[in-house]
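Beneath this line is the structure, given in structure tokens, with notes to follow.
For ligands, and for the atoms within them, numbers begin at 1 and follow the listed sequence. Index from 1, following the sequence.
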Amino acid sequence: MQSSPPAGMLGIDFGTSNSAMSWAAPGGGTSRLIPLEGEATAMPTAVFFNAEDRCTHFGRDAVGQYLGGTEGRLLRSLKSLLGSPLLNESTVVNHQQISFQQIVEIFLNELRERAAQVLGAAPTRVVMGRPVHFVDDDPARDAQAQQSLQDAAQAVGFADVSFQFEPIAAALDHERRLTRESLVLVVDLGGGTSDFTVVRLGPQRMLLADRSADVLATTGVHIGGTDFDQRLSLGQVMPLLGYRHHGPQGREVPNRVFMDLSTWHLIQWLYLPRAIAQAQNLRSNYSDVRLHERLMRVLAQRDGHRIAHEVEQAKIRCSLQDTDTTVDLSGVERDLAAQLAPADMAQHLEALLARTVACARECVQRAELGNASLDAIYLTGGSSALLPFQRALQAEFKGVPLVEGDLFGGVASGLAYSRA
Ligand SMILES: Nc1ncnc2c1ncn2[C@@H]1O[C@H](COP(=O)(O)OP(=O)(O)OP(=O)(O)O)[C@@H](O)[C@H]1O
Ligand SMILES: [Mg+2]
């Protein structure tokens with residue numbers, strides 16, 4: 001392995017659900033995605049601290065170990081903790097006290113090492129993607145989120161760290177495939193955030209050194225696929241554990257535990273002894289104690305991420321096939337399952353999708369297009385494939401063609417390229 005860092009720029013798309021990296025050689029005008037797990041160029045943003053072999057596992061390997069029942073701790077949606085005081089809280093893994101900021105570092109360090117394996121040496125320059133808003137309506141926390149990511153990148157050895165908006169990176173990647181000038185609304189709907197930009201793109205414009213005049217507007221909102229999973233879980237699954245269930249006094253079971261259990265980045269806190277004791281105390285709030293027994297079994301078995309994963313897969317199936325599907329909960333109780341129909345999905349997600357589409361509308365309004373009109377809507381990010389979302393977007397922007405892009409690699413490709 002060569003020791004001096006390779007000349008060029010690394011792009012890291014540290015996503016809520018999946019991460020990807022690209023590499024641009026100096027002056028090359030292109031970038032290539034870096035294989036991360038075998039041939040795969042995107043990998044789940046997941047860390048598993050295996051209590052049996054005491055090793056740390058990443059990506060599909062991490063998720064697979066957890067789902068396979070290996071003893072240990074799974075962490076997902078780390079990006080959702082950026083900008084939150086929870087980032088500095090610590091947790092015990094394999095007898096070691098460790099903060100969530102350090103877990104972000106551990107993940108970025110692994111990405112850097114995987115890049116080094118492909119490039120021959122560890123890169124020192126990186127452009128990191130960031131959503132338009134890490135945190136909505138709170139500039140101080142938003143700035144803190146970026147600072148935490150920068151600190152983590154520097155801590156693992158990146159000497160030169162810069163940031164680029166994720167939707168602009170996606171736009172620059174899309175531009176390389178265009179043959180004529182177009183006015184495009186770029187939609188990046190991921191796991192944690194929805195980001196929009198209206199940009200003027202085209203083969204001639206690509207040659208310009210300064211593209212700031214082509215970016216007509218950017219907007220973003222903290223809504224993504226993990227929020228969809230939460231709503232679907234609360235709507236279809238959590239009632240089986242007691243959400244909205246009434247106790248002997250006619251009062252609903254306090255809902256906090258169900259909120260946390262259906263929220264990817266909060267699940268891990270429910271396994272602390274204090275949280276288990278609080279859940280145990282809910283028993284008197286149930287008129288049907290079988291539902292409480294299910295809840296306690298889920299916590300004892302640390303099944304939270306497994307249920308979230310089942311809900312996510314059901315969401316994807318329901319969207320792809322546009323038919324009813326089943327959420328398998330047989331790990332909680334024999335033959336237990338929840339149903340998910342396209343109409344349920346549309347209803348549970350309606351309010352979130354309306355806010356997301358409103359954010360897209362605001363982006364187009366801010367772009368002040370005058371007499372010009374959009375030539376296309378370019379879709380990237382896994383959640384942009386969601387059928388009810390595409391329907392809502394099409395209803396808002398009638399007649400504008402939707403173009404599906406590289407759902408999981410577009411942002412990373414554009415990142416390295418944007419600063420090469
Ligand atoms: N076919 C599909 N239909 C609907 N949703 C999907 C589909 N495939 C993946 N998803 C969802 O896409 C999300 C992940 O997308 P992506 O990898 O683009 O997000 P991310 O880049 O990690 O997140 P962010 O950019 O918000 O930080 C997950 O919530 C996943 O459930
Ligand atoms: Mg993304």
Considering heavy atoms of the protein only, find what lies nearest to [atom] and give residue, atom and distance to 0.1 Å.
atom                    : answer
atom 17 (O) of ligand 1 : Asn18 ND2, 2.7 Å
atom 25 (O) of ligand 1 : Glu166 OE1, 3.7 Å
atom 18 (O) of ligand 1 : Gly382 N, 2.8 Å
atom 4 (C) of ligand 1  : Leu386 CD1, 3.6 Å
atom 31 (O) of ligand 1 : Glu312 OE2, 2.6 Å

For this session: Could you label the plane-to-plane angle of the Tyr66 and His305 rings as parallel, tilted or perpendicular, counting under 30° as parallel and over 60° as perpendicular?
Result: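 Judged by the thresholds at 30° and 60°, the geometry between Tyr66 and His305 is perpendicular.
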Which of the numbered atoms in ligand 1 are below 4.0 angstrom from a heavy atom of [X]?
X      : result
Gly15  : 20 (P), 21 (O), 22 (O), 27 (O)
Thr193 : 26 (O)
Gly192 : 23 (O), 24 (P), 26 (O)
Gly225 : 29 (O)
Gly381 : 18 (O)
Ala385 : 1 (N), 2 (C), 3 (N)

Problem set entry | Any N/O pair Phe408/ligand 1 closer than 3.5 Å |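 No; every N/O pair is 3.5 Å or more apart.
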For this session: Return a yes/no value for Leu189: is any of its N or O atoms, backbone included, closer than 3.5 angstrom to an N or O of ligand 1?
Result: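 No, since none of the N or O atoms of Leu189 sits under 3.5 Å from an N or O of ligand 1.
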Exercise. Heavy-atom contact under 4.0 Å between Ser383 and ligand 1?
Worked result: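 Flag set, Ser383 near ligand 1.
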